[in-house]
Undergrad: 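Starting off with a structure, shown below.
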Protein chains: 2
Amino acid sequence: MTTTAPSSDPADPDHKLRLRTQLCFALYSTMLGVNKVYRTVLRDLDLTYPQYLVMLVLWERDGLNVSEICEQLYLETTTLTPLLKRLEARGLVNRQRLPEDERQVIVTLTAEGAALKTRAAIIPDCVAEAMKCSEDDLVDLREQLIRLRTNLIR
Amino acid sequence: MTTTAPSSDPADPDHKLRLRTQLCFALYSTMLGVNKVYRTVLRDLDLTYPQYLVMLVLWERDGLNVSEICEQLYLETTTLTPLLKRLEARGLVNRQRLPEDERQVIVTLTAEGAALKTRAAIIPDCVAEAMKCSEDDLVDLREQLIRLRTNLIR
DNA sequence: TGAATTTATATCGCGTGCGATAGAATCGTC
DNA sequence: GACGATTCTATCGCACGCGATATAAATTCA
């Protein structure tokens, strides 16, 4: 007898095809919830979640090229190029070709982009509040996910 | 001393803004990996992951209306209406207004849609293979995610 | 040096995902 | 029965997210 939501009867021949048994669906639907929370919390900053992630990367280390940002975020340049252009249009970053290697586009924070970090400082606490998750659970869950991600990418 | 990837120094004033410390980023990036695996595995069936989810719902219980499918998948009708039209165009489902309540659109499987279930039966094992995750870890992780999702939706 | 290869970014097309909004059908209340 | 509120689905616009593809710069190697 468990107190959590019922899964599905493992004896059921369709057991593995049930939504409720699928880890991936739990992951997918939880991510939808996370995104929804971020939309609310990021409205003030007028950033989407992926845009916020790019800003996190740049706040930690400025002046990366597109590929380096892609690598950190597990995204393709196909996704990031237009996103970075939008951030540039917003005046948060600059994009300029590296003179020594004209293939690379270096992304740097503008003063406004750098300044936004101060206002973003409360975001993690807002999200943690919404998750109502103990620090231990958080660390545990994060590490399980990272192991899973490592396997999936392999 | 941990063997997993390093997080970030909690004494760092920017600790919470680090990508590596954020549970949500682990969730987000793992989901990207899951999606990539599904793209590979679902190529044969010519389905996207959300389309596959709709089929899972209908294989379990046919003849739901749009809202009921939305509710099970945590998606908006805005997302599902066009998706269902694509499934209809593919000949996998039918969409018809309920005579007793013309507001509702009932989605039913075509013979082809129902038959696809047989070919989809191997998908969960393919994905489990890619995740390389023990059954216990899987159940544990799934339940943690569902708890988190419940909090996020509240 | 010159040609083939590789690297870094960009363009295009398509399928989500959702907020804002609209429109039609039904319900509730008088 | 009428009319305002609610329910259900659809349309529109925008931002991802990525596979296929293109292009230019740099590198490799003959």
Side-chain angles (χ1 to χ4, degrees), chain A residues 28-43 45-55 64-71 73-90 92-93 95-107 152-153, chain B residues 28-43 45-55 64-71 73-90 92-93 95-107 152-153:
Chain A
Y28 171 75
S29 52
T30 305
M31 184 57 220
L32 293 178
V34 165
N35 229 311
K36 197 161 290 194
V37 168
Y38 270 104
R39 254 194 304 278
T40 304
V41 170
L42 290 174
R43 189 166 300 142
L45 304 185
D46 195 23
L47 289 176
T48 64
Y49 182 58
Q51 287 169 4
Y52 168 71
L53 291 178
V54 169
M55 296 306 286
L64 299 177
N65 67 29
V66 176
S67 296
E68 289 164 334
I69 300 175
C70 285
E71 194 177 356
L73 298 182
Y74 299 88
L75 291 170
E76 308 294 323
T77 62
T78 319
T79 300
L80 277 188
T81 295
L83 187 155
L84 290 168
K85 284 186 174 180
R86 282 186 284 272
L87 288 181
E88 185 180 40
R90 288 257 334 262
L92 299 180
V93 306
R95 296 161 61 250
Q96 43 200 353
R97 295 276 170 183
L98 186 66
E100 310 90 278
D101 183 347
E102 290 280 345
R103 292 172 304 181
Q104 297 184 40
V105 170
I106 304 299
V107 182
L152 289 170
I153 306 290
Chain B
Y28 171 76
S29 52
T30 305
M31 184 57 219
L32 293 178
V34 165
N35 228 312
K36 197 162 291 195
V37 167
Y38 271 105
R39 255 194 303 280
T40 304
V41 170
L42 290 173
R43 188 165 302 141
L45 305 185
D46 195 23
L47 289 176
T48 65
Y49 182 57
Q51 288 169 3
Y52 168 70
L53 291 178
V54 169
M55 296 305 287
L64 298 177
N65 67 28
V66 177
S67 296
E68 289 166 333
I69 300 174
C70 286
E71 194 177 355
L73 297 182
Y74 299 88
L75 290 171
E76 308 294 323
T77 61
T78 320
T79 300
L80 278 189
T81 295
L83 187 155
L84 290 168
K85 285 187 174 179
R86 280 187 284 272
L87 289 181
E88 184 180 39
R90 286 258 334 263
L92 299 180
V93 305
R95 296 162 60 249
Q96 43 201 354
R97 295 277 170 182
L98 186 65
E100 309 91 278
D101 182 347
E102 289 281 346
R103 291 171 305 181
Q104 297 183 39
V105 169
I106 305 299
V107 183
L152 289 170
I153 305 290

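Naming: A, B, ... by sequence-line order, numbering from 1 per chain. Both backbone and side-chain heavy atoms feed into the values below; hydrogens, waters and symmetry mates do not.
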Undergrad: Between A/Thr77 and A/Pro82, what is the shortest heavy-atom contact and its length?
TA: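 Looking at all heavy atoms of both residues, the shortest contact is O-CD, 4.2 Å.
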Undergrad: Determine whether A/Gln96 and A/Val105 make a side-chain contact, defined as any pair of heavy atoms from C-beta on separated by less than 4.5 Å.
TA: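 No. Closest side-chain heavy atoms not under 4.5 Å.
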Undergrad: Among residues at least two apart in sequence or on other chains, which ones pass side chain to side chain contact (heavy atoms under 4.5 Å, CB included) with B/Glu88?
TA: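 Applying side chain to side chain contact (heavy atoms under 4.5 Å, CB included) to B/Glu88 gives B/Val93, B/Arg95.
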Undergrad: Atom CG of B/Asn35 and atom C1' of C/dC14: how far apart are they, to the nearest Å?
TA: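 Whole-Å distance recorded here is 14 Å.
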Undergrad: Between C/dT21 atom P and B/Glu76 atom CD, what is the distance in whole Å?
TA: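 For the pair B/Glu76 CD and C/dT21 P, the rounded distance is 16 Å.
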Undergrad: Could you tell me which residues satisfy side-chain hydrogen bond (donor to acceptor under 3.5 Å, both in side chains) with B/Thr30, sequence neighbours excluded, listed by chain and number?
TA: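 Not a single residue meets the side-chain hydrogen bond (donor to acceptor under 3.5 Å, both in side chains) criterion with B/Thr30.
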Undergrad: Using atom CG of A/Leu75 as one end and atom P of C/dT9 as the other, report the distance to the nearest whole Å.
TA: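 Atom CG in A/Leu75 sits about 14 Å away from atom P in C/dT9.
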Undergrad: Taking all heavy atoms of A/Leu64 and all of A/Ile69, pick out the closest pair and write down the distance.
TA: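 Shortest heavy-atom contact: CB-CG1, 4.0 Å.
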Undergrad: For residues 98-107 of chain A, which residue pairs qualify under side-chain hydrogen bond (donor to acceptor under 3.5 Å, both in side chains), counting only residues two or more places apart or in two chains?
TA: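 Matches after skipping sequence neighbours: A/Asn65-A/Gln104, A/Asp101-A/Arg103, A/Asp101-A/Gln104.
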Undergrad: Quick check on C/dT16: is either OP1 or OP2 less than 4.0 Å from any side-chain nitrogen or oxygen of B/Arg86?
TA: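 So the side-chain polar atoms of B/Arg86 do come within 4.0 Å of the phosphate oxygens OP1 or OP2 of C/dT16, strictly under.
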Undergrad: Partners of A/Tyr49 by ring-ring contact (aromatic ring centres under 6.0 Å, His included), sequence neighbours excluded?
TA: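 For A/Tyr49, the residues satisfying ring-ring contact (aromatic ring centres under 6.0 Å, His included) (neighbours in sequence not counted) are A/Tyr38, B/Tyr28.
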Undergrad: Check whether any side-chain nitrogen or oxygen of A/Arg95 sits under 4.0 Å from OP1 or OP2 of C/dA10, and answer yes or no.
TA: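 For C/dA10, OP1 or OP2 has a side-chain N or O of A/Arg95 closer than 4.0 Å.
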Undergrad: Can you list the residues that meet the salt bridge (Lys or Arg N to Asp or Glu O under 4.0 Å) rule with B/Glu76, with sequence neighbours excluded?
TA: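 With sequence neighbours excluded, B/Glu76 shows a salt bridge (Lys or Arg N to Asp or Glu O under 4.0 Å) to A/Lys36, given in chain and number order.
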Undergrad: Check salt bridge (Lys or Arg N to Asp or Glu O under 4.0 Å) between A/Arg90 and all other residues, then give those that pass, not counting sequence neighbours.
TA: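 With sequence neighbours excluded, A/Arg90 shows a salt bridge (Lys or Arg N to Asp or Glu O under 4.0 Å) to A/Asp46, given in chain and number order.
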Undergrad: Please state how far atom CG in A/Asp46 lies from atom P in C/dG19, giving the value in whole angstrom units.
TA: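 Interatomic distance, CG of A/Asp46 to P of C/dG19: 15 Å.
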Undergrad: Out of curiosity, A/Leu83 CG to A/Thr48 OG1, how far, rounded to the nearest 0.5 Å?
TA: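 Between A/Leu83 CG and A/Thr48 OG1, I get 5.5 Å after rounding to 0.5 Å.
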Undergrad: I need the residues from residues 98-107 of chain A with at least one non-hydrogen atom less than 4.0 Å from DNA chain D; give them sorted by number, or say none.
TA: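 The answer is A/Glu100, A/Asp101, A/Glu102, A/Arg103.
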Undergrad: In this structure, how many angstroms lie between the P atom of C/dT9 and the CG atom of A/Asn65, rounded?
TA: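 Taking CG of A/Asn65 and P of C/dT9, I get 4 Å after rounding.
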Undergrad: Which atom pair, heavy atoms only, marks the closest approach of B/Leu73 to A/Leu32?
TA: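 B/Leu73 and A/Leu32 have their closest heavy atoms at O-CD1, 3.9 Å.
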Undergrad: Indicate, with a heavy-atom threshold strictly under 4.0 Å, whether A/Arg97 touches base, sugar-phosphate, or nothing.
TA: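 Here A/Arg97 touches the backbone only, sparing every base.
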Undergrad: Please figure out whether A/Val66 or B/Leu83 has its closest DNA chain C nucleotide nearer the 5' end.
TA: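 Its nearest nucleotide lies further toward 5', so the answer is A/Val66.
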Undergrad: Report the distance from atom CD of A/Gln96 to atom P of C/dA8, rounded to the nearest whole Å.
TA: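 These atoms are roughly 18 Å apart.
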Undergrad: Name the first nucleotide and the last nucleotide along DNA chain D (5' to 3') that come under 4.0 Å of a heavy atom in chain B.
TA: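 Terminal contacting nucleotides, 5' to 3': D/dT7 to D/dG19.
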Undergrad: At less than 4.0 Å, is any side-chain N or O atom of B/Gln51 found next to OP1 or OP2 of C/dT16? Yes or no.
TA: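 True: B/Gln51 side-chain N/O within range (under 4.0 Å) of C/dT16 OP1/OP2.
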Undergrad: Can you tell me if the side-chain N/O atoms of B/Thr48 get under 4.0 Å from OP1 or OP2 in C/dG15?
TA: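 Indeed not, no polar side-chain atom of B/Thr48 lies that close.
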Undergrad: At 4.0 Å (heavy atoms only), tell me whether A/Leu80 reaches a base, stays on the sugar-phosphate, or touches nothing.
TA: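 Since no nucleic acid heavy atom lies under 4.0 Å of A/Leu80, the category is nothing.
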Undergrad: Which residues pass the side chain to side chain contact (heavy atoms under 4.5 Å, CB included) test with B/Ile153, not counting sequence neighbours?
TA: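 B/Ile153 satisfies side chain to side chain contact (heavy atoms under 4.5 Å, CB included) with B/Tyr74, B/Arg149 only.
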Undergrad: Considering only nitrogen or oxygen atoms on both sides, find all protein atoms under 3.5 Å from nucleotides 11-13 of chain C and state each distance.
TA:
from   : atom 1 : to      : atom 2 : distance (Å)
C/dT11 : OP2    : A/Lys85 : NZ     : 2.7

